[in-house]
Enquirer: 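The structure's right below; bear with me while I get my questions together.
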Amino acid sequence: MVDIHNIELQKLNLLEKGFLDINIDITLDLFAEIEKLKREKNAIILAHYYQEPDIQDIADYIGDSLGLSQKAASTDADIIVFAGVHFMAETAKILNPNKKVLLPDLRAGCSLSDSAPPEKFKIFKDQHPDHLVISYINCSAGMKALSDIICTSSNAQKIVESLPIEQPIIFAPDKNLGAFINKKTGRNMLLWNGSCMVHEIFSEEKITKLKIRHPHALLIAHPECEESILALADYIGSTTGLLQFAETHPSKTFIVATESGILHQMQKNCPDKIFIPAPPNNQCACNDCPYMKLNTLEKLYLCMKYELPEITMDEELRIAAKKPIDRMLAISAQYGL
Ligand code: 13P
Ligand code: SF4
């Protein structure tokens with residue numbers, strides 16, 4: 001058993017470590033324990049599709065970034081346990097200042113979010129005072145506070161199209177999603193030079209070979225992928241979009257160009273279909289996000305038991321970061337997204 005001194009020590013170490021590092025009795029049924037904690041604490045587990053299968057299976061809600069932020073905005077739970085990465089948990093906190101928001105491992109960051117440090121972005125923004133800033137939700141609270149509207153891959157096109165055609169726009173931080181939306185809408189948004197380490201390393205050559213080997217397979221891709229990969233795709237969409245396409249399209253085989261965690265739901269929802277992860281440009285057969293995969297069932301259990309690590313935020317920053325998220329949620333509701 002863990003004594004209280006150990007927990008106090010763990011709290012002190014948390015900032016450095018990012019997660020509670022406590023041995024768990026290996027005979028413990030973590031699924032049953034987590035269910036019990038959910039009931040006792042009126043907690044909700046929100047999980048992204050890129051989480052490991054066990055976490056997806058115990059979650060109360062699994063979704064893409066838009067669905068997760070909508071769920072975070074509407075929940076009446078007292079504690080939100082975010083099985084995802086930091087910017088997602090931070091968004092939940094921005095929307096719920098009076099609720100406790102927990103993230104199993106504070107080190108679960110995001111390369112895309114890191115590619116836009118607010119201080120650097122502010123200089124760029126100040127050079128273009130006539131531009132509105134649309135930022136992809138994969139960014140820090142500091143970036144959100146510098147933005148006019150937030151978007152996700154599910155609603156980016158509709159959000160851009162909701163602005164007058166003559167309105168100059170800066171799109172940050174994902175240059176691939178920005179270029180894709182420019183192409184779809186005929187706009188010429190200024191793009192910040194950021195990208196996701198997972199989606200930019202798919203191999204065009206290996207995917208082309210896979211397509212030749214599986215001539216009836218459809219390539220479905222996330223818009224964070226590079227243009228050369230998107231050019232090969234039969235369908236492009238957010239993680240929810242990809243899942244819905246796979247569920248409803250009559251095709252039996254799909255090559256999936258996004259983080260491999262989504263294959264768990266695809267396989268679960270379509271047991272008679274074949275899903276092949278698109279290979280990256282390295283020695284691995286599929287593509288995992290190292291940040292998303294920092295969360296484990298053990299860390300999820302510990303974080304619910306001890307209510308740590310918790311997301312906290314400066315109130316002034318929270319209020320500034322909430323405005324563009326509220327705008328996104330309002331536009332999405334208007335379009336029934
Ligand atoms: P969506 O789930 O919104 O498509 O985003 C993908 C992603 O990279 C999340 O980090
Ligand atoms: Fe960030 Fe990419 Fe990981 Fe999503 S998959 S959390 S965008 S690094």
Enquirer: Flag the pair I274 / H214 as yes when at least one side-chain heavy-atom distance between them is below 4.5 Å, and no otherwise.
Expert: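 Answer no - side chains too far apart.
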Enquirer: Regarding D64 and T239, is there a side-chain donor-to-acceptor distance under 3.5 Å anywhere?
Expert: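 There is no such pair between these side chains.
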Enquirer: Just wondering, are more than 12 heavy atoms of other shown residues or ligands nearer than 6.0 Å to NZ in K268?
Expert: yes
Enquirer: Have N176 and E227 got a donor and an acceptor in their side chains that come within less than 3.5 Å?
Expert: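 Not at all, the side chains of N176 and E227 share no donor-acceptor pair under 3.5 Å.
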Enquirer: If I compare all heavy atoms of S228 with all of E204, which pair ends up nearest, and what's the gap?
Expert: CB-OE1, 3.3 Å
Enquirer: Within a strict 4.5 Å, meaning less than it, do heavy atoms of the I79 and K99 side chains meet?
Expert: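 Result no, sub-4.5 Å side-chain heavy-atom pair not found.
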Enquirer: So do the side chains of Y50 and S260 get within less than 4.5 Å of each other, counting heavy atoms only?
Expert: no
Enquirer: For the residue pair S113 and N138, confirm or rule out a side-chain donor-acceptor distance under 3.5 Å.
Expert: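 No, N138 and S113 have no side-chain donor paired with an acceptor closer than 3.5 Å.
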Enquirer: Tell me whether the count of non-hydrogen atoms from other residues, nucleotides or ligands lying under 6.0 Å of CD in E119 goes above 12.
Expert: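 It does: E119 CD has more than 12 such atoms within range.
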Enquirer: Determine whether the side chains of S238 and S153 contain a donor N or O and an acceptor N or O closer than 3.5 Å.
Expert: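 Absent: no donor and acceptor within the cut-off.
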Enquirer: Would you say that Y235 contacts L219 through its side chain, given a criterion of any heavy-atom pair below 4.5 Å between the two side chains?
Expert: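 Y235 does not reach L219 side chain to side chain.
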Enquirer: Check A221 against L230 and note the closest heavy-atom contact, atom names and distance.
Expert: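 The pair with the smallest heavy-atom distance is CB-CD2, 3.9 Å.
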Enquirer: I want to check something: taking the side chain as every heavy atom from C-beta on, are I45 and M304 in contact at a cut-off of under 4.5 Å?
Expert: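 I45 vs M304: side chains touch.
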Enquirer: Rounded to the nearest 0.5 Å, how far does CZ of F19 lie from NZ of K299?
Expert: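 Interatomic distance, K299 NZ to F19 CZ, rounded to 0.5 Å: 5.0 Å.
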Enquirer: So, S65 and T152: side-chain donor and acceptor under 3.5 Å apart, yes or no?
Expert: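 Side-chain D/A pair, S65 to T152: absent.
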Enquirer: Do M189 and L132 touch side chain to side chain, with heavy atoms closer than 4.5 Å?
Expert: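 No - every pair of side-chain heavy atoms lies 4.5 Å or more apart.
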Enquirer: Got Y335 and S162 here, is their nearest side-chain heavy-atom distance under 4.5 Å?
Expert: yes
Enquirer: Are E259 and K293 close enough for a salt bridge, meaning some N to O gap below 4.0 Å?
Expert: yes
Enquirer: Which hydrophobic side chains are connected to L190, either touching it within the sub-4.5 Å cutoff or through other members that do?
Expert: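 Its cluster mates, by chain and number, are F121, F124, V133, M143, L146, I170, W192.
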Enquirer: Taking atom NZ of K273 as the centre, does the number of heavy atoms from other residues, nucleotides or ligands within less than 6.0 Å exceed 12?
Expert: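 Atom NZ in K273 is crowded, with more than 12 foreign heavy atoms closer than 6.0 Å.
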Enquirer: Would you call L66 and M328 a side-chain contact if the rule is heavy atoms closer than 4.5 Å?
Expert: yes
Enquirer: Decide, yes or no, whether a salt bridge links E35 with K38 under the criterion of side-chain N to carboxylate O below 4.0 Å.
Expert: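 Salt bridge: yes.
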Enquirer: Quick check: are there more than 12 heavy atoms from other residues, nucleotides or ligands sitting under 6.0 Å from NZ of K158?
Expert: no
Enquirer: Kindly say whether L232 contributes a backbone atom to a donor-acceptor pair with the side chain of K211 at under 3.5 angstrom?
Expert: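 Such a contact is found between K211 side chain and L232 backbone.
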Enquirer: How close do A278 and I207 get, counting heavy atoms only, and between which atoms?
Expert: CB-CD1, 3.9 Å
Enquirer: Please indicate whether K206 has more than 12 foreign heavy atoms, meaning atoms of other residues, nucleotides or ligands, lying under 6.0 Å from its NZ.
Expert: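 Counting other residues, nucleotides and ligands, NZ of K206 exceeds 12 neighbours.
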Enquirer: Identify the two heavy atoms, one from P279 and one from L210, that lie closest to each other, and give their separation to 0.1 Å.
Expert: CD-CD1, 3.5 Å
Enquirer: Between the side chains of E161 and Q157, is a donor N or O closer than 3.5 angstrom to an acceptor N or O?
Expert: yes
Enquirer: Cut-off 3.5 Å, side chains only: do H199 and N287 have a donor facing an acceptor?
Expert: no
Enquirer: Not counting sequence neighbours, which residues clear salt bridge (Lys or Arg N to Asp or Glu O under 4.0 Å) with K209? List them please.
Expert: E205
Enquirer: Please name the residue in the list K175, E226, E200, E224 that meets the side-chain hydrogen bond (donor to acceptor under 3.5 Å, both in side chains) test with S195.
Expert: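 Looking at K175, E226, E200, E224, the match for S195 under the side-chain hydrogen bond (donor to acceptor under 3.5 Å, both in side chains) is E200.
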Enquirer: Between E307 and K100, does at least one N-O distance fall below 4.0 Å, as a salt bridge requires?
Expert: yes
Enquirer: To the nearest 0.5 Å, what is the distance between CD on Q334 and CG on N155?
Expert: 12.0 Å
Enquirer: Report the residue from Q51, Q265, H48 that forms a side chain to side chain contact (heavy atoms under 4.5 Å, CB included) with I62.
Expert: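 For I62, the side chain to side chain contact (heavy atoms under 4.5 Å, CB included) test succeeds with only one of Q51, Q265, H48, which is Q265.
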Enquirer: Is the backbone of N98 close enough, under 3.5 Å, to the side chain of N96 for a donor and an acceptor to pair up by distance?
Expert: no
Enquirer: Could you grab the distance from atom CD1 of I149 to atom OG of S135, nearest 0.5 Å is fine?
Expert: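 So the gap between those two atoms works out to 10.0 Å.
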Enquirer: Give me the atom names and distance for the closest heavy-atom approach of V81 to C303.
Expert: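 For V81 versus C303, the nearest heavy atoms are CG1-SG, 3.9 Å.
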Enquirer: Within the supplied structure, the quantity of interest is the number of heavy atoms (other residues, nucleotides, ligands) at a distance under 6.0 Å from I165 CD1; does it exceed 12?
Expert: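 Check passes, neighbour count above 12.
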Enquirer: With rounding to the nearest 0.5 angstrom, report the OH to CZ distance, Y291 to F87.
Expert: 12.0 Å
Enquirer: Can you list every side-chain hydrogen bond (donor to acceptor under 3.5 Å, both in side chains) pair that touches residues 67-86, not counting sequence neighbours?
Expert: N42-D78
Enquirer: Minimum heavy-atom separation for A141 and A321, please, with both atom names.
Expert: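 The answer is O-CB, 3.7 Å.
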Enquirer: Between R318 and D314, does any side-chain N to carboxylate O distance fall below 4.0 Å?
Expert: no
Enquirer: Could you tell me the separation between the CD1 atom of I255 and the CZ atom of R213, rounded to the nearest 0.5 Å?
Expert: 9.0 Å
Enquirer: Please report the interatomic distance CD1(I311) to OG1(T91), rounded to the nearest 0.5 Å.
Expert: 10.0 Å
